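For reference, the structure is listed below as structure tokens.
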Amino acid sequence: MANEPEDFIQSAVGEVFVTLSEGYALGCRMFTLTEVASLNDIQPTYRILKPWWDVFMDYLGIVMLMVAIFAGTMQLTKDQVVCLPVLDSWEESVTTQKPPETASGLGTGGNRVTLAAAPLTGKGQPDTVVHQLHFSQQATIHPQPTGVKTNMDYQQYVFVNQMCYHIALPWYSKYFPYLALIHTIVLMVSSNFWFKYPKTCSKIEHFVSILGKCFESPWTTKALSETACEDSEENKQRMTGGLSLPKHLSTSSEEGSPSPSTPMLGKNSVKFSTEKPVIEVPSMTILDKKDGEQAKALFEKVRKFRVHVEDSDLIYKLYVAQTIIKTVKFILILCYTTTFVAYIDFEHDCKPDVKHLTGYTKFQCTHNMAFMLKKLLISYIAIICVYGLVCIHTLFWLFRRPLKEYSFEKVREESSFSDIPDVKNDFAFLLHMVDQYDQLYSKRFGVFLSEVSENKLREISLNHEWTFEKLRQHVTRNAQDKLELHLFMLSGVPNAVFDLTDLEILKLELIPEARITAKISQMTNLQELHLYHCPSKVEQTAFSFLRDHLRCLHVKFTDVAEIPQWVYLLKNLRELYLLGHLNSENNKMIGLESLRDLRHLKVLHLKSNLTKVPTNITDLAPHLIKLVVHNDGTKLLVLNSLKKMMNLADLELHNCELERIPHAIFSLTNLQELDLKSNNIRTIEEVISFQHLKRLTCLKLWHNKIITIPLSIGQVKNLESLYLSHNKLESLPAPLFSLPKLRYLDLSYNAVVVIPIEVGFLQNLQHFAITGNKVEVVPKHLFKCTKLRTLCLGQNCISSLPEKIGQLVQLIHLELKGNCLDRLPAQLGQCRLLRRSGLIVEDHLFDSLPIEAKDSINQESNATYANGM
């Protein structure tokens, strides 16, 4: 009996130790380091979007998580309270709870105590007396324990401890580790939520992927290396003063502000510096084909990604929102944690309602984890304070300057890529975040935003693909027997083009960036240049060459701004063709006020939508010889300015919706040819006024709606060519055939029924066409025109051909197909110059000719066959 308390204490301590060991082992098994690290596992590729404060907060979160896990593990294994009852007073305890010890402590009157104690045992008095005597003897032999003794069993202590743990212990002491764990997880989730949100993660993944490829792309290194080489070469030239052009010939390095002395493209052009000479870079211009294709694909990806991301600022808003949430969370945690830290104490008073079970009302309890929890809580508060300061710094960074705009100003200053555009919204914010990691990423990424860089890549790839030999294979000879090269839909102009020194005509079509370098000065035979939807830029030396040598220029455009400004400075230009949309209400629509400098311009061709002839064209009146206006169906209303163009010899007004012949034309005394094709002219009564135009020899009124020819047509005595095809003529007046100089008469595709016999008066007639009419009879008088070389009678109702056709000894072209002929006259063989290729007739009719006639007509074919053999 004496060893029972000691055994109980030893067994209790052993159980606690085993419990602690098992609990600690259980805690270590539940929360491994790998599992804890996985809570903050972010893809490594996202590290470039983690500024120092985010990384620091992630580590602070890990530390807070460790504190919470450690506190929770300790609480699971060791957290408990130990309670003892509190006695009301010492005397009451002595008289009520310890009668045996009190009796024995009196020293005398032992028999009285024994007798008094006998009834309490509920047994016989003799046994009681003996027991008490034996106890008294032992008490006298052994010393009594000091302190206060309570009459409570072990189960009662366990019960009271459990009751007081829930009643007396503050809730924060019990749940602090779990609250800290929840808060830490929330903060860690908030820190990385913008990486996982569905509407932002795809953009972020795409951005990180593109950024990594741009950073590692060989083209980035080559482009930046070329920039460094160019800068070094430029500095060398500046120091030696050797190769650079004078300042007044150089262009401004700023985009959109070219030097006035150097002709440039327009607003949308990419400007190359013209102050540097043409220098071949031996190693930098060589790029592996695979690397080049990958770089091209990257340019396209960057362009599409920019369009996709710049339309919103969701990533920026989400990052700001999560930072604000973390700041609010920090303030909340700090406020209530500092309030409850004082509640964690070692001693607690407990008053459970268990007096009927234990006999005591009040208990004094100790919380054995209070000291450790208080230290952990103070540490947690300190970490939270640091975390909060970092959050405040993040907010300050977010709102200190506008992060929805990003400027590559520094990159533009440090490199030759002066056209890198500023970006906005989420694209800008992502780049700001990248800058916090390493600004080199943004610099290398800017290479793929620059059109200059992209064009340089295209130029390198283009020069690699289009060699001199390949270009030589594409050179052809046109109808004028001139050497011509047509380049279509290339990324630029290959350098090898300028090595084709014998080229006479160069056509560039749908080339987004046509850069004409100083090497064009080698093309001494070049006289004609075509630019079809092809923005171009010339260097100063190249412009000087074009100004002195170019004779003919064709420019086709969509908007007037696409016309190169240097066009108006080509002082030796003879022919200018402008095809595109021109706003006639604006006198500066095509810069015609600058055309006054083109003193040698003879031909001006405008294919557009004019409503009036621009008054600025009159500046060209003294030297302009030919004016062509193709109006594409827009009605030309005002033509009075034509009166000033007294030297005009050739005038074409096509598709201008004219209903009558403009009176202003009759003032052009030097006019030799007038073409009014494809208008709505119904009557030509004004034709009598043409008699005052003594030099007019060619009149083209085809593709109109003319019904009749006035008799006054016979007054135009100098007329040599008359085109009246594709009208609505039904009859031909006799005065028409009294024009003594008429050599060319085209009446095709009308409704003429009869050819007047007066046609025989046209003794100088060489070409007569009346195809597509309703002629039934060919008059014999027609064959008096012995100078006829071309006779077109096809698609009529002719049933027979007079035998006198043999009088046309100079006939080389005869069209009879589409009539009602049964046979051909044998006299066709007398037309000594007529050959089978010039006879347009059905095969069965040709076979009906006599053998002699066929042999005569086939003479050319036989000779050709013999020569071929």
Side-chain angles (χ1 to χ4, degrees), residues 9-42 56-83 157-158 161-192 326 329-330 332-334 336-348 350 365-388:
I9 294 173
Q10 292 178 357
S11 62
V13 171
E15 291 178 0
V16 170
F17 179 78
V18 172
T19 303
L20 289 175
S21 301
E22 292 179 352
Y24 184 75
L26 179 64
C28 293
R29 185 172 63 251
M30 290 177 61
F31 301 101
T32 64
L33 184 61
T34 304
E35 292 172 342
V36 172
S38 65
L39 296 176
N40 196 39
D41 185 20
I42 303 300
F56 189 51
M57 283 192 284
D58 286 343
Y59 281 106
L60 288 177
I62 293 176
V63 174
M64 289 188 288
L65 191 65
M66 294 176 64
V67 170
I69 293 174
F70 178 70
T73 304
M74 295 291 290
Q75 200 168 34
L76 287 173
T77 57
K78 296 184 178 181
D79 189 29
Q80 59 182 333
V81 294
V82 178
C83 302
Y157 282 114
V158 173
N161 291 343
Q162 293 294 330
M163 286 285 293
C164 289
Y165 180 83
H166 293 286
I167 294 175
L169 195 65
W171 69 271
Y172 196 71
S173 298
K174 294 180 288 185
Y175 301 112
F176 153 66
Y178 312 112
L179 289 175
L181 180 63
I182 294 173
H183 291 322
T184 303
I185 292 176
V186 170
L187 291 175
M188 295 177 70
V189 169
S190 300
S191 297
N192 301 306
K326 289 190 292 185
K329 187 78 173 174
F330 144 72
L332 178 65
I333 294 173
L334 190 63
Y336 85 82
T337 303
T338 53
T339 302
F340 290 108
V341 68
Y343 286 73
I344 300 179
D345 198 2
F346 181 76
E347 296 181 357
H348 299 277
C350 179
C365 303
T366 61
H367 184 207
N368 58 358
M369 282 292 297
F371 178 80
M372 181 61 70
L373 287 180
K374 197 162 189 176
K375 298 300 182 183
L376 290 176
L377 180 57
I378 293 174
S379 301
Y380 184 76
I381 292 175
I383 298 172
I384 281 291
C385 290
V386 177
Y387 193 95

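Values below: all heavy atoms of this structure, side chains included; hydrogens, waters and symmetry mates excluded. For clarity, every value in this text was computed on a predicted model and none was experimentally measured.
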Smallest separation among heavy atoms of Gly61 and Thr184, with atom names: O-CG2, 3.1 Å
For the student: nearest non-hydrogen atoms of Val341 and Lys374, plus distance: O-CE, 3.8 Å
Tyr157 atom OH, over 12 foreign heavy atoms within 6.0 Å: yes
Parallel, tilted or perpendicular: rings of Phe340 and Tyr336 (30°, 60°): perpendicular
CG on Asn192 to CE on Met57, rounded to 0.5 Å: 9.5 Å
Nearest atoms (heavy-atom pairs only) where Met369 meets Gln75: CE-N, 4.2 Å
Closest contact, heavy atoms only, Ala168 versus Cys350: CB-CB, 3.7 Å
Over 12 foreign heavy atoms within 6.0 Å of CZ, Phe371: no
Minimum heavy-atom distance between Ser191 and Asp58, given as atom pair plus value: CB-OD1, 3.9 Å
Distance SG-SG for Cys83, Cys365 less than 2.5 Å: yes
Between OH on residue Tyr387 and CD1 on residue Ile384, distance to nearest 0.5 Å: 8.0 Å
Least distance between heavy atoms, Phe176 atom then Ala71 atom: CE2-CB, 4.2 Å
Pair Asn368-Val82, side-chain contact (heavy atoms from CB on, under 4.5 Å): steps then yes or no: CA-CA 8 Å; Asn368 58 358; Val82 178; 5.9 Å; no
Aromatic ring pairing His367/His348, orientation class (parallel under 30°, perpendicular over 60°, tilted between): tilted
Between CG on residue Asn161 and CG on residue Leu169, distance to nearest 0.5 Å: 11.5 Å
side-chain contact (heavy atoms from CB on, under 4.5 Å) between Leu181 and Leu65, worked out: CA-CA 6 Å; Leu181 180 63; Leu65 191 65; 3.3 Å; yes
Straight-line distance of Ile378 CD1 to Thr338 OG1, nearest 0.5 Å: 11.5 Å
Distance, nearest 0.5 Å, that separates CD1 of Ile62 from CE of Met188: 5.5 Å
Spacing of OG1 belonging to Thr339 relative to CG belonging to Leu334, to within rounding of 0.5 Å: 9.0 Å
Side-chain heavy atoms of Leu373 within contact of Pro177, under 4.5 Å: yes
